[in-house]
Amino acid sequence: LCVCFAFAQQVCLAADDRAFAQLLDDGINAIRQKQWQRAEQLLDKSLVEAEKFGKNDRRVGESLVNLGVVYAQRKDWAKTIVVSKRALDIDIKVHGERHADVAYDYHQLGSYLDISGKHTEATTYLKRALDMRQTLPEVTPTLVGITAENLGENMMTLKRPAEAESLY
């Protein structure tokens, strides 16, 4: 009986994972199709499914990163920044400090902060993202360039043209 119960728990867990994955995939596809309201609804549901695995599970971070994209499209910077910070915290716990997903989170959060007018705070995140992206072997040169360009724009906004020029 105990073996059957344990097996049933694993089957239920797998079913939840499939439900999460489908909702996340559908949400990402809605983003690609610029169906923002549908994307938000699907990603909210994916977050509910993800949180069944624990508040700091990698699936929670995946849902939050994509919700950040939706909120950014709406220019709801307060929500964008909150979910992006939470996603970063989770990804650091899951992957450690030096991982491509963590570098992505730093880049996104820094970019969102910069766009929202929090330029000084953005600098910290963008510099960290650039450092990571320059040294992680799995990160493409294109992504390094995008982060360098965003940091350069940030430096120009902060009236630090010499630093911006070195990034361009």
Out of curiosity, does [Y] fall in the hydrophobic cluster containing [X] (side-chain heavy atoms, cut-off under 4.5 Å, transitive links)?
{"X": "Val65", "Y": "Val94", "value": "no"}
{"X": "Leu126", "Y": "Ile146", "value": "yes"}
{"X": "Tyr104", "Y": "Val70", "value": "no"}
{"X": "Leu47", "Y": "Ile81", "value": "yes"}
{"X": "Val69", "Y": "Ile115", "value": "yes"}

If you look at every heavy atom in [X] and [Y], which pair is closest and at what distance?
{"X": "Ala164", "Y": "Gly152", "result": "CB-O, 3.4 Å"}
{"X": "Gly61", "Y": "Asp91", "result": "CA-OD1, 4.5 Å"}
{"X": "Gly27", "Y": "Ala39", "result": "O-CB, 3.7 Å"}
{"X": "Ile90", "Y": "Val60", "result": "CD1-CG1, 3.5 Å"}
{"X": "Asp57", "Y": "Ala50", "result": "CB-O, 4.3 Å"}
{"X": "Asn154", "Y": "His119", "result": "ND2-O, 3.0 Å"}

Charged N to carboxylate O under 4.0 angstrom, [X] versus [Y]?
{"X": "Asp17", "Y": "Arg59", "answer": "yes"}
{"X": "Lys45", "Y": "Glu49", "answer": "no"}
{"X": "Lys85", "Y": "Glu121", "answer": "yes"}
{"X": "Glu149", "Y": "Arg133", "answer": "no"}
{"X": "Asp131", "Y": "Arg98", "answer": "yes"}

Whether Thr80 side chain and Ala72 backbone form a donor-acceptor pair below 3.5 Å: yes
Any donor-acceptor N/O pair, Asn29 side chain to Asp25 backbone, under 3.5 Å: yes
Spatial distance of atom CG (Leu42) from atom CD (Gln37) [nearest 0.5 Å]: 11.0 Å
Nearest-0.5 Å distance, OG of residue Ser84 to OH of residue Tyr125: 10.0 Å
Worked verdict on Ser63 versus Phe20 for side chain to side chain contact (heavy atoms under 4.5 Å, CB included): CA-CA 9 Å; Ser63 293; Phe20 159 77; 3.3 Å; yes
Test side chain to side chain contact (heavy atoms under 4.5 Å, CB included) applied to Asp44 and Leu23, step by step: CA-CA 9 Å; Asp44 281 339; Leu23 288 164; over 6 Å; no
Side chain to side chain contact (heavy atoms under 4.5 Å, CB included) between Glu62 and Arg58, intermediate numbers included: CA-CA 6 Å; Glu62 291 173 21; Arg58 68 164 176 80; 2.8 Å; yes
pair Arg74-Trp36: side-chain heavy atoms closer than 4.5 Å: no
Heavy-atom neighbours of Glu97 CD exceed 12 at 6.0 Å: yes
Enclosure of Gln73 CD (heavy-atom neighbours >12, cutoff 6.0 Å): yes
Donor-acceptor pair between His107 and Thr147 side chains, under 3.5 angstrom: yes
Flag for Gln22-Asp26: side-chain donor and acceptor within less than 3.5 Å: yes
Positive for side chain to side chain contact (heavy atoms under 4.5 Å, CB included) with Val144, one of Leu136, Leu130, Thr135: Leu130
Candidates Glu163, Arg128, Met155, Lys118 - the one meeting side chain to side chain contact (heavy atoms under 4.5 Å, CB included) with Thr123: Met155
Side chain to side chain contact (heavy atoms under 4.5 Å, CB included) assessment of Glu40 paired with Tyr71: CA-CA 8 Å; Glu40 183 175 3; Tyr71 297 150; 3.5 Å; yes
